[in-house]
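Structure first, then comments.
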Amino acid sequence: MNPEDLAKQRAAQEVLGRLVAPMIVMKKWETFHLKEMACAWVKPDWPHDKRRVILYCHGGGYTSGNLGYSRPLASKLTNATGWETLCFEYRLAPEHPFPAAVDDARRAWDYLMYLGYGARDVVVAGDSAGGNLALVLCHQLKQAGRQLPGRLVLMSPWTDMTASGRSYTQRAAMDPTITLDYIHAVREVYAGGNELTSPLLSPLFGDFRGFPPTLVQVGSNEILYSDSLRLRERMQAAGVHCQLEVWEDMWHVFQMFPIRKAALAMEHIGQFLLDSI
């Protein structure tokens, strides 16, 4: 995480968002600031159900990602459901290590509550580190005795910062996007000296009793593959409905890209959410 590598990583995320976004039938994109935090609404440009909303947490290893990177997946989520999606640009490490991102996610959640949404009217979605953040937000809300969201949607979630799953080594040669060195680098600057087994860093090790129904999608070629499998096991052991979809020959957060399997995966997300109405 030297400054030059970090700058390249952040620039790459921004470019990826800009390349993919024009390929999507874009919805209304309305930016605003929640105090000093940049946010954006994705809204359908047709009459739609305003009783429900999606809170989207972007990925990027807690060290990169912004509204530009958020735009493609947030737009796809809105397109799949017809619901408005709120994106937020949480603070990044190493400048802002843990718990800055968690505090910002809590601020975005509280903003939705301020607007009058009930907790069960909100779906929290996230990809990669954003999936980690979505789960950590739920653990934190539960610890505070507050209601949890109605559903969770997690795309290639990073659930175990200890990297103890078998796929971290067994699938290293198959993963075209993430390496174990990258995992070690981003967790070091984000977690600092905090205990990696804490549920606020590795939500896999938290108590999932009372968590909402959850859809997890993961590619078969990911080193984070174990993070999704073990999450399903722990959720089901806690009595939580967790639906796991393994997409063969797919890579990390493949849903972002303009390919057929990505479109099918987004259709599955729409079905999972709309069937709950």
Side-chain angles (χ1 to χ4, degrees), residues 9 12-13 16-17 19-20 23-24 56-62 64-65 69 72-73 76-77 79-80 124-135 151-187 202-205 208 211 213-237 240-273 275:
Q9 177 189 348
Q13 294 286 63
L16 179 59
L19 287 175
V20 176
M23 303 177 189
I24 303 168
Y56 169 63
C57 308
H58 70 74
Y62 283 117
S64 65
Y69 176 75
L73 276 177
K76 288 187 175 189
L77 288 167
N79 190 58
V124 179
D127 67 286
S128 192
N132 179 295
L133 186 56
L135 289 165
R151 298 236 163 172
L152 283 172
V153 172
L154 309 173
M155 294 165 275
S156 302
W158 184 23
T159 68
D160 176 17
M161 285 199 180
T162 72
S164 58
R166 294 180 179 178
S167 61
Y168 281 89
T169 53
Q170 291 181 347
R171 302 189 181 226
M174 301 168 60
D175 194 324
T177 60
I178 297 181
T179 67
L180 190 55
D181 286 343
Y182 170 79
I183 294 293
H184 289 164
V186 296
R187 80 179 183 188
S202 296
L204 177 67
F205 304 122
F208 290 102
F211 264 55
T214 300
L215 172 64
V216 181
Q217 294 181 337
V218 66
S220 65
N221 293 2
E222 299 192 44
I223 66 170
L224 296 186
Y225 180 79
S226 296
D227 285 35
S228 291
L229 267 64
R230 296 168 73 197
L231 177 65
R232 178 184 61 176
E233 292 171 0
R234 291 188 62 88
M235 281 190 154
Q236 289 182 341
V240 176
H241 173 76
C242 182
Q243 179 178 327
L244 174 66
E245 295 183 354
V246 177
W247 290 78
E248 292 298 322
D249 301 321
M250 289 292 100
W251 54 88
H252 191 61
V253 197
F254 69 93
Q255 297 89 340
M256 174 176 283
F257 296 88
I259 58 175
R260 176 162 175 74
K261 284 190 176 181
L264 290 174
M266 297 309 298
E267 287 182 14
H268 286 200
I269 290 174
Q271 291 169 2
F272 173 77
L273 296 177
D275 286 348

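If you read the sequence from its start, that first residue is 1, and numbering goes on from there.
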Exercise for the section: Please lay out, stage by stage, how Leu231 and Glu233 fare under the test side-chain contact (heavy atoms from CB on, under 4.5 Å). Expected result: CA-CA 5 Å; Leu231 177 65; Glu233 292 171 0; over 6 Å; no
Practice task
Could you walk me through whether Glu222 and Ile178 pass the side-chain contact (heavy atoms from CB on, under 4.5 Å) test, one step at a time?
Solution key: CA-CA 8 Å; Glu222 299 192 44; Ile178 297 181; 5.7 Å; no
Practice task
I would like to know whether Thr214 and Met235 meet side-chain contact (heavy atoms from CB on, under 4.5 Å); could you show each step before the answer?
Solution key: CA-CA 9 Å; Thr214 300; Met235 281 190 154; 3.5 Å; yes
Practice task
Could you walk me through whether Tyr168 and Leu224 pass side-chain contact (heavy atoms from CB on, under 4.5 Å), step by step?
Solution key: CA-CA 6 Å; Tyr168 281 89; Leu224 296 186; 3.0 Å; yes
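Here the OH atom belonging to Tyr225 is positioned 5.0 Å from the CZ atom belonging to Arg171, to the nearest 0.5 angstrom. The CZ atom of Arg166 lies 8.0 Å from the OG atom of Ser226; values are rounded to the nearest 0.5 Å. Rounding to the nearest 0.5 Å gives a distance of 7.5 Å between CG of Asp249 and CE of Met174. In this structure, the separation between CG on Asn132 and CG on Asp127 is 11.5 Å, given to the nearest 0.5 Å. Taking CG from Leu229 and CZ from Arg234, the interatomic distance works out to 14.0 Å, rounded to the nearest 0.5 Å. Distance check: Ser156 OG to Ile223 CD1 gives 11.0 Å after rounding to the nearest 0.5 Å.
Between His184 and Thr179, every side-chain heavy-atom pair lies at or beyond the 4.5 Å cut-off.
Scanning both residues, Phe257 and Lys76, for their nearest heavy atoms gives O-NZ, 3.2 Å. Taking every heavy atom of both residues into account, Tyr69 and Met256 meet most closely at CE1-CE, 3.4 Å. Considering every non-hydrogen atom in both Ser228 and Val218, the closest pair reads OG-CB, 3.5 Å. Smallest separation of non-hydrogen atoms from Leu73 and Met155: CD2-SD, 4.1 Å. The two residues Leu273 and Arg151 make their nearest non-hydrogen contact at CD2-CB, 3.9 Å.
The aromatic rings of His268 and Trp247 sit tilted, their planes meeting at an angle between 30° and 60°.
When atom types are taken as modelled, the side chain of Tyr182 and the backbone of Thr177 share no donor-acceptor pair closer than 3.5 angstrom. A distance-only check finds a donor-acceptor pair linking the side chain of Gln217 to the backbone of Ala265 [under 3.5 Å].
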Atom pairs and distances, side-chain donor-acceptor, residues 157-164, under 3.5 Å, sequence neighbours left out:
| unit_1 | atom_1 | unit_2 | atom_2 | d |
| --- | --- | --- | --- | --- |
| Thr159 | OG1 | Asp227 | O | 3.1 |
| Asp160 | OD1 | Thr162 | N | 2.9 |
| Asp160 | OD1 | Thr162 | OG1 | 2.4 |
| Asp160 | OD2 | Thr162 | OG1 | 3.2 |
| Asp160 | OD2 | Ser164 | N | 3.0 |
| Asp160 | OD2 | Ser164 | OG | 2.6 |
| Asp160 | OD2 | Arg230 | NH1 | 3.1 |
| Thr162 | OG1 | Ser164 | OG | 3.2 |
| Ser164 | OG | Arg230 | NH1 | 3.0 |
| Ser164 | OG | Arg230 | NH2 | 3.4 |

